[in-house]
Amino acid sequence: MEDKQITVTSPLLPDLDEFNDLLKRIWDKKWITNNGSFHKELEAALCEYLKVPYISLFTNGTLPLMCALQALRITGEVITTPYSFVATTHSLWWNGIKPVFVDIDPETCNLDPDKIEAAITPKTTAIMPVHVYGKPCDTGRIQAIADTYGLKVIYDAAHAFGVEVNGKSILNAGDMSTLSFHATKVYNTIEGGALVYHDEKTKKRIDYLKNFGFADEVTIVAPGINGKMDEVRSAYGLLNLKQVDAAIEGRKQVAVKYREGLRNIKGIRVMEDMLGIRHNYSYFPIFIDTEEYGMTRDELYFRMKEWNILGRRYFYPLITEFSTYRGLESANPVHLPVAVKMADSVICLPMYYGLTENDIDKILNCIQSGQ
Ligand SMILES: *Cc1c(COP(=O)(O)O)cnc(C)c1O
């Protein structure tokens with residue numbers, strides 16, 4: 001009965017002819033990976049665009065998390081959030097580190113700084129917060145706690161590409177920040193990611209780590225891994241970088257229309273823009289108050305499906321619900337009331353550059369019809 005599906009996201013794709021021109025250059029050169037010229041060019045271009053001093057490209061957004069933990073020699077326990085994509089916590093598990101879950105702030109859905117100190121033990125070595133939906137964490141307060149207790153801070157900034165606070169990149173906070181360039185993100189290289197940090201010495205160490213630990217032909221400085229990005233995706237990334245500002249602006253227009261349309265629907269909360277922040281509109285979460293709205297989150301979610309509108313319940317279930325983690329004491333939902341509430345009430349609406357007015361109207365009508 002219904003027309004085409006509206007998906008939650010749609011990838012930003014470079015112009016195919018331009019991409020072909022760059023592919024031709026790669027074919028001519030026959031240099032397809034291992035720090036080739038497009039790889040170098042993309043690292044330089046990203047440093048400039050993101051306003052960060054150093055960056056290392058990776059083949060996805062999970063390996064930089066794992067390598068950041070290795071590079072900083074993190075062990076024991078790390079304080080993190082249950083309200084994220086599983087890769088955040090998996091990176092700890094792969095390094096033999098115990099995640100300690102702390103509840104989130106209901107306004108931003110980020111790690112609640114007020115709850116961090118109570119979770120610190122003699123085994124704690126770091127804090128791993130996530131800028132969920134690209135909303136900046138309270139980096140000042142988190143750094144103050146880290147400084148007091150001598151902890152490292154690694155931000156999972158997978159959602160925060162291009163986000164700035166008072167004109168400065170959010171990626172400069174903490175010891176390191178990681179990015180994902182997965183197809184579903186604001187900026188993509190199909191699969192890809194990066195690690196951001198503050199000094200030249202770290203650049204060396206990270207670039208060794210992502211290349212098996214090779215410092216030169218005969219020297220291995222660490223048990224590294226293979227995390228290298230290839231020339232084809234670096235070229236693709238260079239082209240996508242040229243249109244990412246337009247994409248963020250397009251997303252902003254979608255957010256403005258959603259907010260207008262949802263303002264008068266009782267029981268639906270949206271996130272507003274924050275003062276002094278350059279947002280990237282990576283996701284558009286709505287939170288449903290069943291009493292006021294008259295339907296549960298899942299009822300609305302499945303009604304949207306019937307209308308061929310594919311929202312996503314990011315982040316439900318919480319990471320602490322998965323079998324790997326649920327046995328941990330800190331994973332007990334009684335310690336995480338806010339995260340449980342947000343996970344049970346959220347739907348991320350379709351959000352991408354090029355979502356049409358017709359589609360937005362249809363989505364708003366669907367939500368209106370549930371009231
Ligand atoms: C997408 C994402 C990742 C992982 O990125 P991949 O590129 O898919 O490996 C990590 N953390 C968060 C919060 C993400 O959303």
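In what follows, every heavy atom counts, from backbone to side chain, and hydrogens, waters and symmetry copies are set aside. In this text, all values refer to a predicted model and were calculated from it rather than measured experimentally. Start at 1 and go down the list; that is how both ligands and their atoms are numbered.
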Undergrad: Any nitrogen or oxygen of His159 lying under 3.5 Å from a nitrogen or oxygen in ligand 1? Just yes or no.
TA: yes

Undergrad: Could you tell me which atoms of ligand 1, counted from 1 in the order shown, lie closer than 4.0 angstrom to a heavy atom of Thr62?
TA: 4 (C), 6 (P), 9 (O)

Undergrad: Might you point out which heavy atoms bring Val8 and Leu349 nearest each other, and give the distance in Å?
TA: CG2-O, 3.9 Å

Undergrad: Can you tell me the protein heavy atom closest to atom 3 (C) of ligand 1 and the distance?
TA: Phe85 CD2, 3.7 Å

Undergrad: Between His159 and Tyr314, does the ring centroid distance fall short of 6.0 Å?
TA: no

Undergrad: Tell me: protein heavy atom nearest atom 2 (C) of ligand 1, and distance?
TA: Lys185 NZ, 3.0 Å

Undergrad: Side chain or backbone of Asp156 under 4.0 Å from ligand 1, or both, or neither, by non-hydrogen atoms?
TA: side chain

Undergrad: Assert yes or no for the condition that the ring centre distance of His131 to Tyr155 is strictly below 6.0 Å.
TA: yes

Undergrad: Does atom NZ (Lys228) have a neighbourhood of more than 12 heavy atoms from anything else shown, all under 6.0 Å?
TA: yes

Undergrad: Tell me whether the rings of Phe161 and Tyr187 are parallel (<30°), tilted (30 to 60°) or perpendicular (>60°).
TA: parallel

Undergrad: Out of all atoms in ligand 1, which are within 4.0 Å of some heavy atom of Ser84? Include the element for each.
TA: 13 (C)

Undergrad: Judging by distance only, is a nitrogen or oxygen of His182 under 3.5 angstrom from one on ligand 1?
TA: no

Undergrad: Looking only at side chains, do Thr59 and Arg233 share a donor and an acceptor under 3.5 Å apart?
TA: yes

Undergrad: For a ring-ring contact (aromatic ring centres under 6.0 Å, His included) check, start with the C-alpha distance between Tyr325 and His90, then their side-chain angles and the critical distance, and finish with the verdict.
TA: CA-CA 10 Å; Tyr325 304 108; His90 282 356; 5.8 Å; yes

Undergrad: Under 4.0 Å from a heavy atom of Gly192: give me the atoms of ligand 1 that qualify, with their elements.
TA: 7 (O)

Undergrad: Under 6.0 Å from the CG atom of Leu328, do we count more than 12 heavy atoms belonging to anything else shown?
TA: yes

Undergrad: Among protein heavy atoms, which lies nearest atom 5 (O) of ligand 1, and at what distance?
TA: Ser180 OG, 3.2 Å

Undergrad: At a 4.0 Å threshold, what atoms of ligand 1 neighbour a non-hydrogen atom of Ala87?
TA: 4 (C), 10 (C)

Undergrad: Is there any N or O on Gly61 that sits under 3.5 Å from an N or O of ligand 1?
TA: yes

